[in-house]
Amino acid sequence: MKAILIEKPGDTQTVSVTEVSETQLPEGDVLVDVAYSTLNYKDALAITGAAPVVRSFPMVPGIDFAGTVAESGHPDFKPGDRVVLNGWGVGEVHWGGLAERARVKGDWLVPLPEAIDLRQAAAIGTAGYTAMLCVLALERQGVTPDKGEIVVSGAAGGVGSVATALLAAKGYEVAAVTGRASEADYLRGLGASSVIDRAELTGKTRALAKERWAGGVDVAGSTVLANMISMMKYRGVVAACGLAAGMDLPASVAPFILRGVTLAGVDSVMCPRPDRIEAWTRLASDLDLGKLEEMITELPFAEVIETAPKFLDGAVRGRIVVPVS
């Protein structure tokens with residue numbers, strides 16, 4: 001079967017499109033015919049070797065895939081079922097979706113809602129599912145549209161694009177943050193009420209800045225997240241799910257103890273299955289699939305490796321979908 005394979009026979013990593021035997025697939029109780037995978041930030045790190053994302057070699061990257069069950073030893077799935085997988089260390093410690101077949105644990109799979117087809121499921125992927133988890137985190141903390149504007153960092157990227165569309169569809173005013181002024185029309189098309197230059201959130205942080213937003217979705221971390229927290233309104237909530245700008249957080253405790261701000265961490269990789277099912281159920285009802293289509297760029301399988309570095313340069317918009325078979 002066709003696969004992208006990352007190998008490291010010595011100190012140097014190599015990546016290639018190659019043929020591998022199905023017998024090389026790791027253990028699992030469900031075999032899936034992969035229809036679509038994706039190219040995500042984490043996949044780009046794995047393919048380029050820019051960060052030690054891959055924990056064992058050889059490795060097939062691809063933290064997302066959508067496909068059809070071919071064989072199953074799991075009670076919840078049978079051949080022909082449409083499924084989606086996001087996270088669980090797939091593409092890092094367990095072979096991922098950038099191959100024509102994947103063998104995984106059935107407990108990692110989510111049955112695909114009828115309203116979403118396989119291509120759309122891949123387009124939503126980890127990014128869209130994470131965005132939905134962030135929206136759910138804001139809702140659970142009582143952030144409703146009447147409370148005020150929601151700020152979304154990295155808004156032109158995968159998580160940010162879906163978060164912007166989801167929030168706008170639920171009646172929130174969305175301030176979309178981007179470092180690319182050329183993406184303003186795209187972001188307004190997704191429903192953003194305003195577009196903010198990322199430079200406004202990358203300057204020196206203050207303990208408390210002027211109150212601006214009722215909530216936020218952050219994919220950046222570091223100074224961007226610290227500034228976002230300092231600008232939250234009283235009892236504002238920030239859902240943090242990424243570290244594209246860094247793992248540090250040069251912030252003060254002042255917003256937490258003087259304004260009652262909440263920082264809600266959102267993890268998509270090891271998120272329990274009931275929460276995943278809730279997120280995908282909400283995506284099926286809340287996400288405008290027409291707007292999803294505007295986010296999609298299809299990438300031929302043969303071009304995945306050469307495209308990966310562009311992700312790390314911040315030159316990718318929306319979601320990169322890879323037809324596999």
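For reference, positions follow the sequence shown, starting with 1. The model shown is predicted, which means the values in this text are computed figures rather than measured ones.
Every residue meeting the side-chain contact (heavy atoms from CB on, under 4.5 Å) condition with A199, not counting sequence neighbours, appears here in chain and number order: D197, T202. Remark: L312 engages Y41, A44, L45, T48, A50 in a side-chain contact (heavy atoms from CB on, under 4.5 Å) (not counting sequence neighbours). Residues meeting the side-chain contact (heavy atoms from CB on, under 4.5 Å) test with P79, sequence neighbours left out: none. Applying the salt bridge (Lys or Arg N to Asp or Glu O under 4.0 Å) rule to R212 yields the partners E200; only residues at least two apart in sequence or on another chain are considered. By the side chain to side chain donor-acceptor pair (under 3.5 Å) test, D117 pairs with no residue at all, sequence neighbours left out. V93 is linked by a side-chain contact (heavy atoms from CB on, under 4.5 Å) to R55, counting only residues two or more places apart in sequence or in another chain. For R235, the salt bridge (Lys or Arg N to Asp or Glu O under 4.0 Å) test picks out no residue, with sequence neighbours left out. Judged as a salt bridge (Lys or Arg N to Asp or Glu O under 4.0 Å), and not counting sequence neighbours, the contacts of R140 are E278. The salt bridge (Lys or Arg N to Asp or Glu O under 4.0 Å) test applied to E211 returns R259, not counting sequence neighbours.
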Could you list the donor-acceptor pairs under 3.5 angstrom formed by side chains in residues 299-309, with sequence neighbours left out?
residue, atom, partner, partner atom, Å
T307, OG1, E303, O, 2.7

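A side-chain donor-acceptor contact under 3.5 Å links N227 to the backbone of G203. Between the side chain of S161 and the backbone N or O of M295, no donor-acceptor pair lies under 3.5 Å. Put simply, the side chain of R82 gets close to the backbone of P113: a donor and an acceptor are under 3.5 Å apart. With hydrogens and angles ignored, the 3.5 Å screen pairs no side-chain donor or acceptor of S16 with any backbone N or O of T18. S153 places a side-chain N or O within 3.5 Å of a backbone atom of V219 that can act as its donor or acceptor partner. Of the possible polar contacts, one joining the S325 side chain to the V34 backbone as a donor-acceptor pair under 3.5 Å is found. Judged purely by atom type and a 3.5 angstrom limit, Q13 uses its side chain to pair as donor or acceptor with the backbone of A46.
Checked by atom type, the side-chain pair D248/S222 shows a donor-acceptor distance below 3.5 Å.
The shortest heavy-atom contact between R273 and L109 is NE-O, 3.0 Å. Nearest heavy-atom pair across V17 and K2 is CG1-CG, 4.3 Å. Across all their heavy atoms, V152 and A163 have their closest contact at CG1-CB, 4.3 Å. Considering every non-hydrogen atom in both R276 and S268, the closest pair reads NH2-O, 3.1 Å. Across all their heavy atoms, V20 and A3 have their closest contact at CG2-CB, 4.0 Å. For the residue pair G106 and H74, the shortest heavy atom distance occurs at CA-CD2, 3.6 Å.
F311 and V322 fall within a single hydrophobic cluster, where Ile, Leu, Val, Met, Phe, Trp and Tyr side chains are chained together by heavy-atom contacts under 4.5 Å. Taken together through direct or relayed side-chain contacts under 4.5 Å among Ile, Leu, Val, Met, Phe, Trp and Tyr, V237 and M232 form parts of separate hydrophobic clusters. I296 and Y129 fall within a single hydrophobic cluster, where Ile, Leu, Val, Met, Phe, Trp and Tyr are joined by side-chain heavy atoms under 4.5 Å apart, directly or via other members.
For residues 56-69, the side chain to side chain donor-acceptor pair (under 3.5 Å) pairs, not counting sequence neighbours, are T38-D64, N40-D64, D64-N86, D64-T126, D64-R319. Within the structure, ring pair (Phe, Tyr, Trp, His ring centres under 6.0 Å) pairs that include any residue of residues 183-240 do not occur (at least two apart or interchain).
A salt bridge between K78 and D81 is present, with a side-chain N of the basic residue lying under 4.0 Å from a carboxylate O of the acidic one.
Taking CG of L138 as the start and OH of Y172 as the end, the distance is 6.5 Å to the nearest 0.5 Å. The structure places CD of E149 at 8.0 Å from NZ of K233, a figure rounded to the nearest 0.5 Å. In this structure, F57 CZ and I6 CD1 are separated by 7.0 Å, a value rounded to the nearest 0.5 Å.
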What's the verdict on salt bridge (charged side-chain N to carboxylate O under 4.0 Å, His left out) for E294 and R317, showing C-alpha distance, side-chain angles and the deciding distance?
CA-CA 10 Å; E294 296 173 21; R317 170 205 278 185; over 6 Å; no
Test side-chain contact (heavy atoms from CB on, under 4.5 Å) on K105 and W88 and set out the steps.
CA-CA 10 Å; K105 293 182 179 180; W88 292 116; over 6 Å; no
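Atom CZ of R282 has more than 12 heavy atoms from other residues, nucleotides or ligands within 6.0 Å.
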